[in-house]
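Step one of this worksheet: look at the structure below.
Values reported hereafter were calculated over all heavy atoms of this structure, with side chains retained and with hydrogens, waters and symmetry mates removed. Whatever order the structure lists ligands and atoms in, that order sets their numbers, starting from 1.
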Amino acid sequence: MEWIEIGPDDATSTRIAALAEQIAHHSHLYYNEATPEISDTEFDALWDELKSLDSNHPQLRRVGAPVPPGSVKVVHRFPMRSLDKATSDDEVAHFVAETTAHGRRFVAQPKLDGSALSLEYRRGRLIRAATRGSGERGEDVTSNALRIPNIPDRLLWGGDCHIRGEVVMHLDVFRSKYADIAPNPRNLAAGSLRQKNVKAGKGDASDLTFYAYDVHFVPDEGKHPDSPEALQFENDSESIAWLREVGITPAEEVVIEGAEDEDTTKSLLVETERWTQSRATASWELDGVVFKLDNLAKRELLGQTAHHPRWALAWKFPPEEATTVLLGIDWQTGRTGAVTPVSRVAPVVVSGVTVENTTLHNVGEVERLGISIGDKVRIVRRGDVIPKIIESLGAAQASDLESRFHANGEPFTGGLPDSKPPQIPTDCPECDTKLRLDGAFLRCSNISCPARLTRSILYWCRALEMDGIGEKLVEQLCDAGLVKTTPDIYRLTSEELQGLERMAEKSATNVMNQLDSTRELALDIFLSALGLPGIGPELATAFAGEICTMATLLTLTEDDIERLVAIEGVGETVVQSLMSGIMDRSQILEDFNQILTITDVARTEAPSGPLVGFSFCITGTLSRPRKEIALKIKAAGGKVVSTVSGKLDFLVAGENAGTKLEKATRLGVKVLSEVDWETMLQP
Ligand code: IVH
């Protein structure tokens, strides 16, 4: 049977376009000009009609004028404060005693380990989303927040409020899509929220989830005149219930109430114990439990310090530790040629996860720890997913191996290994090339090393989101000799793929389609997917903004170093990494250039202004935040660095400037007061 795709007829398409145009016009008047021409009801009718005709229309996801995430500062109408922290039972008892005059009923929620986000709703519509930033001012990330599936662009209430919560990446999403490119889900949550455009190989905001913990209603004098009155709840637990009713997902909460200080403290500690037990099976990472006085009027009475409210406490999990026995060290060659030591340890449960391997990072770490095979070792698993060895406790005893189980439930039957110092390899474990020491790393410099090849291909495919090409397939392709360099994957034929074990026609077609969809790509994406040592996606983008074309990339010489070092955030070391990365791969780059269409990227605008060519470092207490001064320097074309060296042009020093001022004076760097610096800004 043949399917004919039925799209909207002409009349409907015209209506959709007209509705989108009207909504854009009225949104602009409403959000940006604050001079609406039509009533809320009329606007809603337009909105609903567009939704009924084309529920996915992009205009339905757009509010006001979208700005690139991170480019605009937002002053928080209600500051986003920190929390006072506790790690011991005594501190929890102290908190109860301090708040006892105001009642003993608390809301308890998990302390989610993600990135804080503030959502501003005006007349029920999401008009702005901002990161926490300094707590006083954050960054506008509205367009990314709108991509988070459980953040509604409209509340089921038409008023003005600010909803706060934590954005997290669920662990199953992290493990299946991102475990190779980011150290933990928290970093990804923060990165995906702030990134300017959705790029291959980076976190995507549509993979995040928002859990609310707080709401502030805009008082009548500040709210939109047509908005309903600010709501007033007696208790926080009621505002959490209200959040659920209007379409927001709150972090799960329980209300705990006691009659005396002692039993209240006990109940709070039971809650910390409950979360300690559930931590390992929770779908997101949490780093503790937050307790907040439930009664909102009493919160007002308690007030806050400059740092935290007195009515809340964050109880934090102790860093999780365990001891086990080091059974051996394996050395693995990675994509960049770095040879990484990975420890094999007797299985041990740390925060509910059975650990049998830990990364030892590099040869320098092995030497620093001074560990030997057969040692009893301490391992710790902080918020991070990857556990690490932090100390050797000397030679292990047989009793250190008692009642151990592998992750698959099988008992551990191995005995104590012979005690011996680790063997640091001199040759690559994959290709036998002599290794060289590069700082704390051992490196294999053979660009065709099989381990490097498979890792590079996988990095390339992940960066370009070719999900159908996984580790197994890449190994099969390399083993069969079908692929000898990364560009070779674009020479594969469907027949060759089908000749591989367990590769049916459908999967082969899928792989071919994925390869075809990446035959044309922009220079920044290309440079990023190459995965040159030391050049992550951000640096790749920065370099591409200066290099612009593939032809220039292929002909870079020593003469280009100067202009590359001039790029904001780029130092000589990374330029050297780029140059040697390119030099080592000149053949491969030529080959890619033949087989792919690598499109130009626009030049990142050269800075301009009175401070062009000058570098600044900022220290001491100044009349405004250092970040603000740094932004002004950058806007005037200057470069801001964090350390004082002989090459620095100016040190802007405020009160109580310490070692940086001493060093600058010693090195003869010119020191500016805030007033001197402001004078420089005058054109
Ligand atoms: S209440 C006045 N509840 O922890 C502060 N915060 O260390 C109100 N956090 O920046 C915050 N889970 O982003 C609260 N259930 C929860 C939380 C939570 C995570 C974060 C929050 C805040 C940080 C403070």
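- Contact check on E674 versus R624 returns a salt bridge, with a Lys/Arg side-chain nitrogen under 4.0 Å from an Asp/Glu carboxylate oxygen.
- By the 4.0 Å N-to-carboxylate-O rule, E98 lies too far from R310 to be salt-bridged with it.
- With N150 contributing its side chain and F210 its backbone, the two residues share a donor-acceptor pair below 3.5 Å.
- In terms of modelled atom types and a separation under 3.5 Å, the side chain of D140 and the main chain of A130 share no donor-acceptor contact.
- Contact residues of ligand 1 (protein heavy atom closer than 4.0 angstrom to a ligand atom; sorted by chain and number): R81, L83, Q109, P110, K111, L112, A116, R132, E166, Y213, V290, K292, P309.
- In summary, D294 and R105 engage in a salt bridge, as defined by a charged side-chain N under 4.0 Å from a carboxylate O.
- Sorted by first and then second residue, the pairs that involve residues 231-255 and meet salt bridge (charged side-chain N to carboxylate O under 4.0 Å, His left out), not counting sequence neighbours, are D236-R299, R244-E253.
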